[in-house]
A.B. asks: 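Sharing a structure with you now.
Because the structure is a prediction, the values reported are computed rather than measured. Counting from 1, the numbers follow the sequence of the chain as shown.
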Amino acid sequence: MVGKGKVHNTSGELLHHNPLPVGYMKVSVDLVLDTDALLPLPDVVSETTLMRDAVGSFVGWPSDLIFPDAETPTRPTHKAGKGISRRIESVASQKEVPGRKLKKAGNDIPTTSGTKSQIMMRLEKMVEESDIMHGAIRIVDFDEGVFGIAHSEIIAKEDMQQLFEHKELGIAVIHTYIWYMYVTLMRGTELCNRFNFIAASRINTTLITKNPTSVKNELVDRFMAAGDNTTPSLYFLPFNSGNGGHWVLVAMDLSRLMVYYLDSLSGDWSKYPSMKKTVDAAILKFRSKKNYRNRKDITWVRVQCPQQNNSVDCGFFVLRFMRDIIALNRIDIPKMYFEEYKSYSRAHLDEMKDELCQFIVDQRII
């Protein structure tokens, strides 16, 4: 077993605009267990040959080497790219995309012990009774205002398990909760002029390592899409560390040349020098394109934010950071964080899960 992912085959499926070879299926790589494993079908477009470089992308895989619902023999020693980008090639608007049944799927999604809310139990039952349990997926379109461009997201069984089991969050859940915040807290209000989101699928360690110039230009394009940025506003970037799979929040104020760094583990941006370099370069390039004078250097602030006490909560904390900053309508983030939220309890995180469960039900995603 070299990795885990999702099968995306439908009739006449293409891989990077080319037909798949006979006996191969299109899969997305979500988790790498053997970082040195070779891809059975190298990607000639991106020149990717190793599993570790294919996290978040689509690859061709021999159908006889795909084992649905198989338990991995060992857990990886790190998070191995959980939450890294997943490119979308085939899009349908809020409708079911049937998955191919290779073998009988498990009967139930395992859950953690403890009390669950009514809405979570309702959604869990809906998932258990749906074809998602047998490998089907949903592809949903987000409002263009969420990330400044058209965006679609794949929702599958694994993503729902992250909510029900309180597991490490992947990019689909991160993005879907951002969509929820945009729709319920921001859309149609002046908050849309004060807060902006950057898709984590476009800016992460893996992509920066492969093509930093392209990532920088992605950031500049996002800045340009939001207007003139002459008044204080924040751009939220949920940033994933790549092979470590850790989530941090980078919040950028372009007008004041301020970047806030929120990490639920100890440390600062020096752990991700390529990220800081790319963010700084994008901000300066944007200001140059707008003919804004750079009156001072970019200031990075390490916010003393709530800290997690386990190995799985980083994604939940990043979402809660954004939620509270928007709800408080604060562009300036105190270095010692907000008095109202010096720490996050499990109840704070469960509240977000219930909000997202209700949103998924209301949007009829399942």
A.B. asks: Side-chain contact, heavy-atom cut-off 4.5 Å: Leu257 with Ile283?
C.D. replies: yes
A.B. asks: Once side chain to side chain donor-acceptor pair (under 3.5 Å) is applied, do any residues pair with Lys285, and if so which ones, sequence neighbours excluded?
C.D. replies: Asn217
A.B. asks: Are any of the side-chain heavy atoms of Ile365 and Ile360 separated by less than 4.5 Å?
C.D. replies: yes
A.B. asks: Can you find a pair of side-chain heavy atoms, one from Leu163 and one from Leu356, that are under 4.5 Å apart?
C.D. replies: yes
A.B. asks: Could you give the distance from CD1 (Ile132) to CD (Gln161), rounded to the nearest 0.5 Å?
C.D. replies: 11.0 Å
A.B. asks: Measure from the ring center of Tyr180 to the ring center of Phe142 and say whether it is less than 6.0 Å.
C.D. replies: no
A.B. asks: Are Leu328 and Leu185 linked, directly or through intermediate hydrophobic residues, by side-chain heavy-atom contacts shorter than 4.5 Å (ILVMFWY only)?
C.D. replies: yes
A.B. asks: Which class fits the ring pair His166 and Phe316: parallel under 30°, tilted 30 to 60°, perpendicular over 60°?
C.D. replies: parallel
A.B. asks: Nearest 0.5 angstrom please: Met160 CE to Met120 CE, how far?
C.D. replies: 8.5 Å
A.B. asks: Taking atom CD of Glu339 as the centre, report whether more than 12 heavy atoms of other residues, nucleotides or ligands fall under 6.0 Å from it.
C.D. replies: no
A.B. asks: Tell me whether Ile149 shares a hydrophobic cluster with Phe286, the cluster being built from Ile, Leu, Val, Met, Phe, Trp, Tyr side chains joined at under 4.5 Å.
C.D. replies: no
A.B. asks: Output, in order, the C-alpha distance, side-chain angles, deciding distance and verdict of salt bridge (Lys or Arg N to Asp or Glu O under 4.0 Å) for Glu153 and Arg138.
C.D. replies: CA-CA 8 Å; Glu153 197 64 54; Arg138 304 291 188 272; over 6 Å; no
A.B. asks: Run the ring pair (Phe, Tyr, Trp, His ring centres under 6.0 Å) test against Phe236 and tell me which residues pass, sequence neighbours left out.
C.D. replies: Phe195, Phe197
A.B. asks: Step by step, would you call Thr209 with Leu207 a side-chain contact (heavy atoms from CB on, under 4.5 Å)?
C.D. replies: CA-CA 5 Å; Thr209 301; Leu207 296 178; over 6 Å; no
A.B. asks: Looking at the rings of Phe338 and Tyr341, which for Trp means the six-membered one, are their centres under 6.0 Å apart?
C.D. replies: no
A.B. asks: Could you work out, with side chain to side chain donor-acceptor pair (under 3.5 Å) as the rule, every residue matching Thr213, not counting sequence neighbours?
C.D. replies: none
A.B. asks: With a 4.5 Å limit on heavy-atom distance, are the side chains of Asp268 and Trp300 in contact?
C.D. replies: no
A.B. asks: Got a second to check how far Thr205's OG1 is from Lys210's NZ, nearest 0.5 Å?
C.D. replies: 13.0 Å
A.B. asks: Mind checking salt bridge (charged side-chain N to carboxylate O under 4.0 Å, His left out) for Asp143 and listing every partner two or more places apart, or none if nothing turns up?
C.D. replies: Arg187
A.B. asks: Could you give me the CA-CA distance, side-chain angles and deciding distance for Val303 and Leu249, then say whether side-chain contact (heavy atoms from CB on, under 4.5 Å) is met?
C.D. replies: CA-CA 10 Å; Val303 178; Leu249 179 64; over 6 Å; no
A.B. asks: Is the shortest distance from a Lys or Arg side-chain nitrogen in Arg320 or Glu351 to a carboxylate oxygen in the other one below 4.0 Å?
C.D. replies: yes
A.B. asks: Could I get the full list of side chain to side chain donor-acceptor pair (under 3.5 Å) partners for Asp350, not counting sequence neighbours?
C.D. replies: Arg346, Lys353
A.B. asks: Do the rings of Phe321 and Phe317 sit parallel, tilted or perpendicular, given the 30° and 60° boundaries?
C.D. replies: perpendicular
A.B. asks: In terms of the angle between their ring planes, are Trp179 and Phe359 parallel, tilted or perpendicular, with boundaries placed at 30° and 60°?
C.D. replies: perpendicular
A.B. asks: Taking it one step at a time, do Tyr344 and Gln307 satisfy side chain to side chain donor-acceptor pair (under 3.5 Å)?
C.D. replies: CA-CA 8 Å; Tyr344 289 148; Gln307 300 290 284; over 6 Å; no
A.B. asks: Which residue pairs pass the salt bridge (Lys or Arg N to Asp or Glu O under 4.0 Å) test with at least one member in residues 302-311, sequence neighbours excluded?
C.D. replies: none
A.B. asks: Under the criterion side-chain contact (heavy atoms from CB on, under 4.5 Å), I'd like the reasoning laid out for Ile366 against Leu123: C-alpha separation, chi angles, the key distance, then a yes or no.
C.D. replies: CA-CA 8 Å; Ile366 302 302; Leu123 179 58; 3.8 Å; yes
A.B. asks: Quick one: do the Gln358 and Asp354 side chains pair a donor with an acceptor below 3.5 Å?
C.D. replies: no
A.B. asks: Could you please spell out the steps behind the side-chain contact (heavy atoms from CB on, under 4.5 Å) verdict for Leu169 and Leu319?
C.D. replies: CA-CA 10 Å; Leu169 294 185; Leu319 293 178; 3.8 Å; yes
A.B. asks: Who are the ring pair (Phe, Tyr, Trp, His ring centres under 6.0 Å) partners of Trp61, not counting sequence neighbours?
C.D. replies: none
A.B. asks: Are Ile333 and Val301 close enough that some pair of their side-chain heavy atoms sits under 4.5 Å apart?
C.D. replies: no
A.B. asks: Holding to side chain to side chain contact (heavy atoms under 4.5 Å, CB included), I want the full list of residues that pass it with Glu190, two or more places apart in sequence or in another chain.
C.D. replies: Arg194, Asn329
A.B. asks: Using the rule that Ile, Leu, Val, Met, Phe, Trp and Tyr join whenever any side-chain heavy atoms are under 4.5 Å apart, tell me whether Val361 and Val173 fall into a single cluster.
C.D. replies: yes
A.B. asks: Enter the distance from Lys216:NZ to Leu219:CG here, rounded to the nearest 0.5 Å.
C.D. replies: 10.5 Å
A.B. asks: Please determine whether side chain to side chain donor-acceptor pair (under 3.5 Å) holds for the pair Thr278 and Asp280, giving the CA-CA distance in whole Å, both sets of side-chain angles, and the decisive distance to 0.1 Å.
C.D. replies: CA-CA 5 Å; Thr278 301; Asp280 286 347; over 6 Å; no
A.B. asks: For the pair Arg222 and Glu218, find out whether any cationic side-chain nitrogen is under 4.0 Å from an anionic carboxylate oxygen.
C.D. replies: no
A.B. asks: Can you name the side chain to side chain donor-acceptor pair (under 3.5 Å) partners of Ser274, sequence neighbours left out?
C.D. replies: none
A.B. asks: Any side-chain heavy-atom pair from Val27 and Val59 closer than 4.5 angstrom?
C.D. replies: yes
A.B. asks: Phe223 versus Arg287: any side-chain heavy-atom pair under 4.5 Å?
C.D. replies: no
A.B. asks: Measure the shortest side-chain to side-chain distance between Asn196 and Leu234 over non-hydrogen atoms and say whether it is less than 4.5 angstrom.
C.D. replies: no
A.B. asks: Is there a path of hydrophobic side-chain contacts, each under 4.5 Å between heavy atoms of I/L/V/M/F/W/Y residues, joining Met121 to Phe164?
C.D. replies: no
A.B. asks: I need the single residue from Tyr272, Tyr261, Trp269 that forms a ring-ring contact (aromatic ring centres under 6.0 Å, His included) with Phe239. Which is it?
C.D. replies: Tyr272
A.B. asks: What residues, two or more places apart in sequence or in another chain, satisfy side chain to side chain contact (heavy atoms under 4.5 Å, CB included) together with Thr189?
C.D. replies: Leu191
A.B. asks: With sequence neighbours left out, write down each residue that passes side chain to side chain contact (heavy atoms under 4.5 Å, CB included) with Leu38, or none if nothing qualifies.
C.D. replies: Leu50
A.B. asks: Salt-bridge test for Lys167 and Glu158: reply yes if a basic N is under 4.0 Å from a carboxylate O, no otherwise.
C.D. replies: no
A.B. asks: Does either side chain, that of Asp141 or that of His151, offer a donor lying less than 3.5 Å from an acceptor on the other one?
C.D. replies: no
A.B. asks: Might you confirm whether atom NZ of Lys342 has over 12 heavy atoms from other residues, nucleotides or ligands at distances under 6.0 Å?
C.D. replies: yes
A.B. asks: Nearest 0.5 Å, what's the CG-CG distance between Leu265 and Asp263?
C.D. replies: 5.5 Å
A.B. asks: Once side chain to side chain contact (heavy atoms under 4.5 Å, CB included) is applied, do any residues pair with Asp332, and if so which ones, sequence neighbours excluded?
C.D. replies: Arg256, Tyr260, Arg330
A.B. asks: Roughly how far, to the nearest 0.5 Å, is OG of Ser264 from CG of Asn309?
C.D. replies: 10.0 Å
